[in-house]
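Structure, as structure tokens:
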2 protein chains.
Amino acid sequence: MNSDFTIAVHSLSYLAHLPDRIAPSDRIAASVSVHPVRVRKVLSLLCKKGYIKSKEGAKGGFELNCAPDQVTLDELYLLTSEGSIKPKFPNPNPQCLIGSNIEKAMDGIFIDLEAQVGSYLKLYTIADVLDRVEKQSRK
Amino acid sequence: MNSDFTIAVHSLSYLAHLPDRIAPSDRIAASVSVHPVRVRKVLSLLCKKGYIKSKEGAKGGFELNCAPDQVTLDELYLLTSEGSIKPKFPNPNPQCLIGSNIEKAMDGIFIDLEAQVGSYLKLYTIADVLDRVEKQSRK
DNA sequence: GTAACTATAATATTATTTATTACAGTTATA
DNA sequence: TATAACTGTAATAAATAATATTATAGTTAC
């Protein structure tokens with residue numbers, strides 16, 4: 001899974017926990033600890049899907065536009081990391097029975113695995129993540 | 001998942017399909033299409049776990065030492081890629097409620113996810129992979 | 001004794017990820 | 001209405017991770 005997923009989950013949780021649910025990319029970036037340009041790139045995906053709205057100009061930023069308990073981690077996985085479970089198959093030898101067929105043979109397994117991962121991640125929402133964050137902070 | 005998994009699965013399938021079930025690293029490497037030194041590195045892990053035996057010297061190589069229908073992909077995943085599902089959390093800000101707790105909050109989710117992945121991969125053996133390779137080759 | 005092999009460490013190369021810079025466009029507000 | 005605070009996005013640079021290569025020592029069949 002790639003770290004755009006981390007950025008998406010962190011950003012949504014961050015916005016959800018703010019009283020006014022809006023923050024500019026540099027503030028979000030400071031919480032996630034990545035570059036603001038990267039935050040904007042990932043959040044632009046979330047904008048397209050309507051999870052957040054972006055406001056340009058002064059006092060702008062990214063504003064939550066969804067119910068935290070309605071957004072599942074599965075959706076964010078698909079948006080940011082779909083297909084990332086399968087490892088690389090670096091040009092196996094086409095002259096060889098195994099080499100020429102193994103990637104396609106494994107593809108079916110990995111497609112189902114992705115579905116498994118999806119159905120598990122569907123059990124968790126941004127609201128759940130926030131709950132866990134709060135529980136963790138009380139430890 | 002990292003590509004050492006690919007190398008492990010490919011190598012075991014490759015050995016299993018050979019009449020004498022033995023081959024040197026450079027032959028395996030030619031089928032997988034990676035460097036022989038890398039094959040030896042990954043296969044040395046499989047040796048330690050007893051899946052194969054290595055024979056040094058002339059006419060040596062790696063010899064299968066297990067029943068292909070008894071080795072599950074789960075075992076090979078754990079050996080080569082355990083923990084690789086979880087994305088990176090690049091030093092989130094310790095001054096922030098979200099930043100200081102999100103990685104630990106997510107850890108629980110990813111631990112369970114790994115277990116899910118494991119239990120799915122347990123459904124497939126090297127023998128199954130070989131079957132699929134053969135079916136694929138007849139398409 | 002030699003050729004064919006494994007084992008493994010050290011280094012180099014390549015690919016991927018991430019950060020940075022740059023700049024055009026938008027908007028609140030002084 | 002000028003300016004500061006923003007987003008959007010492309011281009012480039014830097015850092016990191018993955019992979020290959022080189023080197024060397026040890027083993028074994030013949």
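These values consider heavy atoms only, across backbone and side chains, with no hydrogens, waters or symmetry-generated copies.
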Side-chain N or O of A:S54 closer than 4.0 Å to phosphate OP1/OP2 of D:dG8: yes

Nucleotide C:dT6, atom C1' - distance to CD of B:E63 in whole Å: 14 Å

Pair A:R132, A:S137: side-chain N/O donor-acceptor within cut-off below 3.5 Å: no

CZ-CZ distance between A:F89 and A:F110, expressed to the nearest 0.5 angstrom: 5.0 Å

Flag if over 12 foreign heavy atoms under 6.0 Å of NZ, B:K86: yes

Reported CD1-to-CG distance for the pair B:I22 and B:L15, which is rounded to 0.5 angstrom: 8.5 Å

Pairwise distance CG(B:L121) to OG1(B:T72) - rounded to 0.5 angstrom: 8.0 Å

Per-nucleotide protein contact string for nucleotides 10-23 of chain C, where B marks a base within reach and S marks sugar-phosphate only (heavy atoms under 4.0 Å, - for neither): -------SSSBB--

Minimal non-hydrogen separation, B:D74 against B:G118, with atom names: OD1-CA, 3.3 Å

Heavy-atom closest contact (B:P87 atom, A:N2 atom, distance): CB-O, 3.6 Å

End-to-end axis angle, where each axis spans five pairs of the helix from C:dG1-D:dC30 to C:dA30-D:dT1, to 10°: 0°

Pairwise distance CD1(B:I52) to SG(B:C47) - rounded to 0.5 angstrom: 4.0 Å

Distance, rounded to the nearest Å, where B:N91 contributes CG and D:dA15 contributes P: 16 Å

Nearest-Å distance for atom pair CG/C1', residues A:D26 and D:dG8: 15 Å

Value rounded to 0.5 Å, distance of CG in A:L64 from CG in A:L18: 9.5 Å

Presence of A:S25 side-chain N/O under 4.0 Å of D:dT7 phosphate oxygens OP1/OP2: yes

Interatomic distance, B:S11 atom OG to B:R27 atom CZ [nearest 0.5 angstrom]: 13.0 Å

Per-nucleotide protein contact string for nucleotides 24-30 of chain C, where B marks a base within reach and S marks sugar-phosphate only (heavy atoms under 4.0 Å, - for neither): -BBBS--

Nearest-angstrom distance from the residue atom CG of B:L46 to P of C:dT6: 14 Å

For A:Y77 against A:G83, the heavy-atom pair lying closest together: OH-N, 3.7 Å

